[in-house]
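First up is the structure itself, then whatever we jot down about it.
In this text, all values refer to a predicted model and were calculated from it rather than measured experimentally.
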Amino acid sequence: MVNRRRFLTLSSLAGLVPSLSFSNSKLMHIGSSISSSTDDSSVSDLSTAGPSPLVISTWKQPKANAAAQAVLDGGGRALDAVEAGVRIPEADPEDMSVGYGGRPDRDGHVTLDACIMDEKGNAGSVTFLENIMHAISVARAVMEKTPHVMLSGEGALTFALSQGFKKENLLTKKAEKEWREWLKTANYKPIANIERHDTIGMLAIDSKGDISGACTTSGLAYKVRGRVGDSPIIGAGLFVDNEIGGACATGLGELVMRTCGSFLVVELMRQGRTPQQACEEAALRIVNKQEFKDIQVGFLAVNKKGEHGAFSIQPGFNFTLSRNKQTQVTDAKSYLK
């Protein structure tokens with residue numbers, strides 16, 4: 001898997017419910033064809049279909065999309081679809097930017113951030129969560145089982161355990177080996193798109209036309225302990241308004257938080273922009289105010305019509321779209337060529 005270190009190192013410090021049963025050992029598959037596009041356009045062939053059920057996610061995520069699409073094919077809610085989808089990379093130790101196997105902070109601790117939003121505007125989030133593989137399902141439990149939106153750190157862990165989640169070590173031998181190698185120099189220099197992967201953000205539209213979204217990550221590798229990025233922040237890493245559409249972000253979270261990136265994308269769509277135009281304008285807000293030579297941010301959006309858009313500052317960002325039993329990975333347009 002091309003993954004996130006090249007993308008996220010540049011983005012460095014430059015700073016459910018338990019009753020829902022998903023298998024961690026068996027990936028869900030659907031009989032869809034998977035293709036890849038290197039065309040500079042972020043509007044793929046699948047965008048010509050109407051507002052039929054769809055799944056769209058940041059980066060090359062056909063397995064995650066397949067799990068989400070299977071829920072939609074069974075007539076399920078978009079909310080259930082996005083949770084099922086992002087649980088796939090959360091359980092994959094080879095995906096070292098999310099969940100189990102994620103790269104640790106500089107002290108050797110794997111900490112997770114996640115958020116989820118449904119079609120009614122409800123939201124749940126967890127930050128600085130340790131020892132629980134499926135942060136996204138804990139975030140959903142926060143949304144559905146508490147009066148709160150966000151729980152953090154020890155409180156999030158205590159809540160997760162009270163809901164029946166299993167406590168486990170998330171630091172794999174591979175991630176630990178890389179971390180110990182990093183400790184020899186402790187060099188924190190960002191490099192754009194080093195692994196061409198990052199946080200997974202996912203949006204889905206179900207058969208009723210309802211939109212939901214999810215976002216989950218283990219954050220920047222070797223970050224200062226306690227750092228939280230945009231991924232669990234409603235309006236930064238993810239935002240959904242069922243009347244308009246949804247958006248998610250990837251890259252250096254600090255820049256996304258400073259511009260309320262995903263909220264901005266949705267509000268631009270509310271004002272009449274297409275998803276593509278909205279993603280481009282949100283990225284330009286960052287470009288116009290920040291030194292962007294060594295940083296990356298990408299946005300992904302879908303509107304109520306089922307139209308989508310994607311745009312990033314640096315080249316190298318791609319996304320996965322599944323619709324009408326077809327799945328396509330497409331390179332997004334970028335500000336820099």
Side-chain angles (χ1 to χ4, degrees), residues 16-22 54-58 61 64-65 67-69 71-72 76-91 97-99 111-129 132-152 155-157 159-160 163-165 198-206 208 210-219 228-242 244-250 253 256-257 261-263 265-266 300-302:
L16 140 145
V17 190
S19 61
L20 287 173
S21 176
F22 299 105
L54 68 82
V55 178
I56 191 166
S57 60
T58 55
Q61 293 284 359
N65 275 35
Q69 189 66 55
V71 174
L72 298 182
R77 291 175 67 192
L79 179 67
D80 295 331
V82 295
E83 182 189 8
V86 303
R87 282 174 62 101
I88 298 301
E90 282 186 333
S97 65
V98 178
T111 62
L112 307 181
D113 304 319
C115 73
I116 194 165
M117 283 194 79
D118 70 10
E119 74 279 7
K120 299 176 182 178
N122 298 313
S125 170
V126 290
T127 75
F128 197 53
L129 176 66
I132 302 293
M133 182 185 298
H134 291 297
I136 195 63
S137 295
V138 182
R140 180 169 178 175
V142 171
M143 178 178 74
E144 296 182 336
K145 300 275 186 84
T146 81
H148 309 304
V149 170
M150 181 182 291
L151 295 179
S152 187
L157 175 60
F159 171 74
Q163 297 300 305
F165 289 89
D198 179 20
T199 304
I200 179 172
M202 178 178 284
L203 304 163
I205 302 178
D206 59 31
K208 295 181 180 179
D210 289 330
I211 306 171
S212 292
C215 187
T216 183
T217 187
S218 55
V228 174
D230 66 305
S231 297
I233 309 298
I234 302 300
L238 173 74
F239 192 72
V240 173
D241 184 325
N242 200 43
I244 305 300
C248 53
T250 187
V256 178
M257 286 189 283
S262 292
F263 177 79
V265 171
V266 174
L300 184 65
V302 64

Quick check: do [X] and [Y] have side-chain heavy atoms less than 4.5 Å from each other?
X      : Y      : answer
Met150 : Ile233 : yes
Val142 : Val126 : yes
Glu83  : Ile116 : yes
Lys120 : Asn242 : no
Val265 : Phe239 : no
Val302 : Ile205 : yes
Leu157 : Ile132 : yes
Thr199 : Val98  : no

Can you name the closest pair of heavy atoms from [X] and [Y] and give their distance?
X      : Y      : result
Cys215 : Gly237 : SG-O, 4.2 Å
Ala301 : Leu203 : CA-CD1, 4.1 Å
Asp113 : Gly229 : OD2-N, 4.0 Å
Gly85  : Ala67  : CA-CB, 4.2 Å
Ala81  : Met202 : O-SD, 4.3 Å
Leu72  : Ala204 : CD1-CB, 4.4 Å

Test: Glu119 and Arg77 ion pair at under 4.0 Å
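Salt bridge flag = yes for Arg77 with Glu119.
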Measure the spacing between [atom1] of [X] and [atom2] of [Y] and express it to the nearest 0.5 Å.
X      : Y      : atom1 : atom2 : result
Arg87  : Arg140 : CZ    : CZ    : 10.5 Å
Asn122 : Ile234 : CG    : CD1   : 10.5 Å
Ser97  : Ile200 : OG    : CD1   : 8.5 Å
Ser218 : Leu129 : OG    : CG    : 12.0 Å
Leu112 : Phe128 : CG    : CZ    : 11.0 Å
Met117 : Ser262 : CE    : OG    : 10.5 Å

Determine, stepwise, if the pair Ile211 / Asp241 fulfils side-chain contact (heavy atoms from CB on, under 4.5 Å).
CA-CA 8 Å; Ile211 306 171; Asp241 184 325; over 6 Å; no
Please walk me through it: do Asn65 and Ser57 pass side chain to side chain donor-acceptor pair (under 3.5 Å)?
CA-CA 7 Å; Asn65 275 35; Ser57 60; 2.7 Å; yes
Any sub-3.5 Å donor-acceptor pair from Ser125's side-chain atoms to Pro232's backbone N or O?
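Yes; at least one donor-acceptor contact below 3.5 Å.
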Between Cys248 and Thr58, does a side-chain contact (heavy atoms from CB on, under 4.5 Å) hold up when you go through it step by step?
CA-CA 8 Å; Cys248 53; Thr58 55; 4.0 Å; yes
What do the steps show when you test Leu79 against Met143 for side-chain contact (heavy atoms from CB on, under 4.5 Å), and what is the final call?
CA-CA 12 Å; Leu79 179 67; Met143 178 178 74; 3.9 Å; yes
Classify the side-chain pair Thr217/Ser231 by whether it contains a donor and acceptor separated by less than 3.5 Å.
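Per modelled atom types, Thr217 and Ser231 side chains form no pair under 3.5 Å.
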What's the verdict on side-chain contact (heavy atoms from CB on, under 4.5 Å) for Glu90 and Ile88, showing C-alpha distance, side-chain angles and the deciding distance?
CA-CA 5 Å; Glu90 282 186 333; Ile88 298 301; over 6 Å; no
